[in-house]
Every structure is written in C-alpha cells, then in structure tokens.
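Step one of this worksheet: look at the structure below.
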Amino acid sequence: MNVMQLLEKNQQVHFQILAVFFQNGSEISYKKLAKTLSISAPTLQKELQNLHQNLVAFHEDATLTYLENDQVQLTLPLDFSLKKFFYSYLSEAIDFQILSYLFFHRDESTTKMMLELMLSEASLFRRFKAINQLLKEFDIQLKNKKLLGDEKQIRFFYYQFFSQSYPNEELITRLNAPAINNLIRVIEKQLQTTFSQAERWKVGLWLGIMEARFDYRGSQQHEASYHLLKSLENEAMFQILRNILGRYLSRFAVSWSDYETVYFYLFLLAEGLIGPSEEGLSQKSLFFREIEALNEELLQAIGDSERKSAETSVELGVFLTSVTIQALYIHGGIIAFAEFQPQSVANESLIVVAQQAIEQLEKNVNQSFSLEKKQHLTNELLLIRQWIQVKQEKAFTVGILLTQSRLRSGFLRRFLIKELAGYPNIHFDGTKEKDYDLLIVDHSEISEGYRYKKRLILTGGATPFEEERLHQIVDEIRNENLESELEKI
C-alpha cells in the first residue's frame with residue numbers, strides 16, 4: 001500500500017503533481033504535466049491553483065509559478081518539510097482519520113465516532129469497506145470498530161502506518177511516555193549498543209504501540225506465532241529481551257506473554273537495529289538457519305556470495321536479514337509518498353536482477369507481495385548491492401588531459417570533477433606513470449603513451465549530453481572492476 005491511497009482523490013492529484021516535479025526538475029511544461037497525469041486541462045488548472053494555495057498556507061515561500069513558454073515552476077524553501085505538508089493533507093482525509101481514531105479512541109462508541117468525523121452510518125460503513133480492501137495485503141480486517149487478525153501483523157501494520165504518516169513530533173506527543181525513554185536506555189545498556197536519535201524514535205514508536213495494544217488483550221490472536229516462539233525461545237538475545245520486557249511490563253495490571261518478545265525481536269531485526277546471531281551455523285536455531293539460507297540466495301542473486309571481512313560480514317548480515325524478515329514474517333507493506341525510485345539507485349540491468357531476486361524470494365517464502373512491497377524490497381536490495389560495491393571498490397583513477405586555453409581547460413576540469421565527485425574512491429591525476437581506469441581527453445593524440453582501461457574523448461562542452469556519456473562510462477567501468485575483483489577471489 002502506498003500511503004497516498006489514504007488521501008481523498010483530489011488530494012492524490014496534488015501529490016501526483018509534486019511527484020512529476022520531483023522526477024523532472026523544478027520546471028515543467030503545462031502540456032507535459034497534463035499528459036503525464038492524464039487529466040483534462042481545466043482539472044489540472046483547478047488543482048494547480050488549489051495546490052499553490054495549500055503550499056503558501058503551509059509555508060509562505062513555497063509556490064507554484066507560471067512562467068513564459070507554458071512552463072510551471074515549483075519553489076520549495078530550504079526548511080520545507082514534505083512529511084509535515086503531507087500530514088496536513090492526511091489529517092483531513094477520512095480513511096486516515098478513521099484508522100487513527102480506531103487506535104487512539106478505541107473505547108468510544110461507533111455513534112460518537114460518526115459524530116466526531118461527521119459521517120453518516122452508511123458513509124462510515126462504505127469507508128470501512130474501502131479500508132478493508134487496503135488491509136487485505138496485511139491479512140487483517142476492520143470489523144465492529146476493531147482490527148482483527150494475527151496480532152503480529154496488526155503491530156507491524158500500525159508501526160508502518162504511523163512511521164509513514166505522522167511527523168516525529170506528533171508521535172512523541174501521543175505515544176512516547178517518559179517510562180518508554182527509560183526502557184530504551186535499559187535496552188541499549190543490556191544489548192551493549194547505542195541507538196541514534198532516529199533509531200530511538202523507531203523503538204519508542206514500537207513500544208508505544210505495544211502499550212496501547214494491551215487494551216485489546218482479550219481479543220488478540222497469537223496462534224500464528226507459536227512455532228516462531230518455540231524456535232526463538234532458547235536464543236540468547238531473545239532471553240535478554242524477554243527479561244527486559246518482563247521487568248518493564250510487570251508495572252501493568254495485565255498479564256503478558258512471550259509473544260511480546262517475539263514481536264519486539266522481529267521488529268529490531270526488520271529495522272536493522274540488531275543483527276542475526278553470530279553463532280556457528282550448526283548451533284543456530286531453525287529460525288536463523290532459514291534466514292541464513294534466504295540471505296545467501298539474495299546475495300548470490302545480486303552477484304556477490306564471496307567471503308567478506310568480519311566487520312563487513314556483520315553489517316551485510318544486518319542488511320540482508322532486514323529484507324528477509326520483512327519478506328518472511330511481515331505481510332503487506334506501506335511505502336512513503338517519496339519512496340526511492342529504482343532508477344536513482346542503479347541502472348536498468350541491475351534493477352531487473354534485483355526484481356527477479358525479490359520475485360524468487362516471494363516464491364521461497366510462499367507469499368504474494370503487493371506491487372508497493374516489491375518496489376520497497378527491490379530498492380532495499382539495490383541499496384545493499386551498492387553498499388557492497390562501495391566496500392569492495394578500489395581507488396578509481398581518472399586522468400584529465402585538456403589542450404584548450406587555461407581558462408577553458410580550467411572550466412572543463414571543474415565541470416568534470418564536479419560531475420564525478422559523488423562517486424566513491426575517485427582520484428584525479430594527469431601523470432603518465434599512473435594506470436587509469438578512465439582517461440578523459442579533448443583530443444585523441446594527447447593520450448599517446450598513457451595507460452588506461454577506457455578513454456573518453458569530449459564533444460567539447462559542459463552539456464547534459466556530456467554528463468550522460470560521462471556517468472554511463474564510469475558506471476560501466478565500476479561494474480567491470482567489481483566483477484574482476486570477484487573473479488580474483
């Protein structure tokens with residue numbers, strides 16, 4: 001599920017407009033905008049005006065401006081928060097209001113809910129039906145003002161729902177009690193780790209949801225996690241977490257079970273906050289042996305199953321386990337409005353490889369992923385492959401030889417260095433003694449006597465065409481270098 005699906009139809013158009021700008025730049029033609037969105041000119045005109053009014057109301061320096069030559073320009077100031085702007089829309093969307101109300105006002109009657117949300121009984125139940133369509137992929141359903149289904153799936157649904165919609169400040173106000181902050185410090189101490197501020201927010205959100213769900217103790221369904229509990233209960237990390245939660249939850253006037261530890265353990269693994277057990281494979285539980293096997297298949301699929309350094313192996317295990325846990329134990333998925341586009345992470349051939357790996361993972365775990373979940377897991381896998389590449393990559397040496405005037409050569413050199421600055425381990429030189437991965441010249445004759453893998457002869461200017469050629473050849477060489485290193489191993 002994309003969190004945008006919780007918006008009203010006209011609200012969705014506003015963020016579809018923003019998405020086109022984000023993908024194409026700050027200026028775009030009116031005709032291209034209408035064609036991309038497949039909406040009529042009058043509708044687009046009206047929604048552009050409404051979006052502009054909402055942008056200005058949210059931040060006085062955020063605007064949509066009509067320029068000459070049929071161009072529309074989007075301006076967002078440096079302190080513009082897209083998540084808060086998106087939340088300002090969500091807070092007015094009925095489906096979002098209903099899901100939030102069910103969580104924060106669980107004791108209220110349906111009648112009071114209709115009055116507060118200003119809905120008729122017929123409208124409310126139509127909304128329930130529409131929401132249930134969205135909830136199908138999570139294997140949970142809304143009935144009699146309650147979410148019904150496996151408790152593990154309900155927890156992860158609400159975690160994703162809140163983390164992808166509410167600003168952190170709002171969540172802290174609503175869910176993060178002082179006692180939870182104390183508990184997080186105890187967890188850090190016992191696990192001998194230190195969470196970042198963002199990680200503390202994540203853990204605080206999970207624990208806040210856990211406390212809120214105690215009111216549903218009588219109707220919770222844990223049976224689906226029974227075998228998972230039996231597989232984990234002898235794990236050292238599981239026992240540490242069980243002792244921590246046991247001491248903390250004893251303050252509540254309700255009984256609690258080891259399933260709370262199971263869900264919390266899965267959460268920490270899925271978010272990459274802890275890694276898998278470091279015991280030998282023969283000593284690992286069935287749970288981690290299954291995770292290990294799936295991790296290995298993913299690693300082979302993206303072209304890297306070789307042995308790493310101890311430090312790299314631990315980090316890699318954390319990343320792969322996060323993907324595998326999400327695929328194996330968490331049904332459904334909610335992605336953010338501004339989810340990564342695969343094209344921003346890798347080239348087309350690697351995207352296909354990652355997509356095929358996730359499709360195989362889908363078969364291995366015997367589940368059916370939604371398109372949004374497939375996109376999210378594919379992006380995670382592409383980011384892992386890029387991380388591996390950076391870790392294994394040796395210095396990438398670029399030579400720049402230019403024959404033009406000092407002014408022109410200086411300008412072109414700065415242009416080239418700026419374009420390549422985002423790549424890891426890039427080094428620039430110009431001496432004959434070096435072996436170059438890429439030699440960039442403006443005339444072929446000047447490269448005589450130099451040793452290089454590939455040579456790029458410039459077309460003459462600092463143009464978008466030249467940028468594309470440059471990035472294409474660098475990506476090609478980096479992939480060849482990575483494959484060469486793996487063959488040596």
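Any value given below was found using the heavy atoms of this structure, including those in side chains, with hydrogens, waters and symmetry copies removed. Bear in mind the structure is a predicted one, so any value in this text is a computation, not a measurement.
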### Task
Locate the shortest heavy-atom distance separating L299 from I388; write the atom from each residue and the value.
CD1-CD1, 3.9 Å
#### Entry: Presence of salt bridge, K374 and E359, under 4.0 angstrom
no
### Query
Where is the tightest heavy-atom contact between D95 and L6, given as atom of each residue plus distance?
CB-O, 4.0 Å
#### Entry: Heavy-atom pair with the smallest gap, counting every atom of G149 and I154
O-CD1, 3.7 Å
### Query
Do D150 and H331 meet the criterion of a side-chain donor-acceptor pair at a distance under 3.5 Å?
no
### Query
Is the closest side-chain heavy-atom distance between Q375 and T378 below 4.5 Å?
no
#### Entry: Worked verdict on N234 versus S285 for side chain to side chain donor-acceptor pair (under 3.5 Å)
CA-CA 8 Å; N234 293 322; S285 64; over 6 Å; no
### Query
Are any side-chain N or O atoms of S91 and backbone N or O atoms of Y87, one a donor and one an acceptor, separated by less than 3.5 Å?
yes
### Task
May I ask you to check whether E188 and T193 show a side-chain donor-acceptor distance below 3.5 Å?
no
### Task
Please identify each residue that fulfils ring pair (Phe, Tyr, Trp, His ring centres under 6.0 Å) with Y158, with sequence neighbours left out.
F103, F162
### Query
Would a 4.5 Å heavy-atom cut-off, applied to side chains only, mark I131 and L135 as touching?
yes
### Query
Between N168 and K83, does any side-chain donor sit less than 3.5 Å from a side-chain acceptor?
no
### Task
Could you label the plane-to-plane angle of the Y89 and F15 rings as parallel, tilted or perpendicular, counting under 30° as parallel and over 60° as perpendicular?
perpendicular
### Query
Just one of E380, H376, E271 clears the side-chain hydrogen bond (donor to acceptor under 3.5 Å, both in side chains) bar with Q326, so which one?
H376
### pair L382-R385: side-chain heavy atoms closer than 4.5 Å
no
### Message
Working to the nearest 0.5 angstrom, can you tell me the gap between Y248 OH and E260 CD?
### Response
11.5 Å
### Whether F267 and F264 hold their rings parallel, tilted or perpendicular, with breakpoints at 30° and 60°
parallel
### Message
Before you tell me yes or no, could you show the steps for R155 and E211 under salt bridge (Lys or Arg N to Asp or Glu O under 4.0 Å), namely the whole-Å CA-CA distance, both residues' side-chain angles and the distance that decides it to 0.1 Å?
### Response
CA-CA 11 Å; R155 298 287 178 94; E211 286 193 14; over 6 Å; no
### Query
Atom CG of L142 and atom NZ of K129: how far apart are they, to the nearest 0.5 Å?
13.5 Å
### Task
Measure the spacing between OG of S322 and CD1 of I384 and express it to the nearest 0.5 Å.
7.5 Å
#### Entry: S163 side chain vs Q160 backbone, donor-acceptor pair below 3.5 Å
yes
### Task
Examine Y263 together with F156 and report whether their ring centres are nearer than 6.0 Å.
no
### Query
When you measure from the side chain of S123 to the backbone N and O of L119, does any donor-acceptor pair fall under 3.5 Å?
no
### Message
Is it true that D61 and T75 share a donor-acceptor pair across their side chains at a distance under 3.5 Å?
### Response
no
### Query
Do the side chain of S196 and the main chain of E199 share a donor and acceptor less than 3.5 angstrom apart?
yes
#### Entry: Carboxylate-amine/guanidinium proximity below 4.0 Å for E235 and K230
no
#### Entry: Geometric cation-pi criterion K373 and F369, 6.0 Å radius, 45° cone
yes
### Message
Under a plain distance cut-off of 3.5 Å, with no hydrogens placed, do E47 and N10 share a side-chain donor-acceptor pair?
### Response
no
### Task
Taking ring pair (Phe, Tyr, Trp, His ring centres under 6.0 Å) as the test, write out the residues that go with F58, two or more places apart.
F80, F85
#### Entry: Check ion pair K145-E108 (N to O, under 4.0 angstrom)
no
#### Entry: Which atom of A327 lies closest to which atom of V365, heavy atoms considered
O-CG2, 3.7 Å
### Query
For E8, does its backbone N or O pair with a side-chain atom of Q11 as donor and acceptor, under 3.5 Å?
yes
### Task
Taking all non-hydrogen atoms of both residues into account, name the closest pair between A270 and I330 and its distance.
CB-CD1, 3.9 Å
### Any Y166 side-chain heavy atom under 4.5 Å of R174 side chain
yes
### NE2/H227: more than 12 non-hydrogen atoms of other groups inside 6.0 Å
no
### Message
What verdict does the side chain to side chain donor-acceptor pair (under 3.5 Å) test give for N243 and Q239, after you've listed the backbone C-alpha separation in whole Å, the side-chain angles of each residue and the deciding distance to 0.1 Å?
### Response
CA-CA 6 Å; N243 291 336; Q239 292 175 358; over 6 Å; no
### Query
Are N24 and K32 side-chain neighbours, meaning at least one heavy-atom pair lies under 4.5 Å?
yes
### Message
I'd like to check I140 versus L148 (side-chain heavy atoms, cut-off strictly below 4.5 Å). Are they in contact?
### Response
no
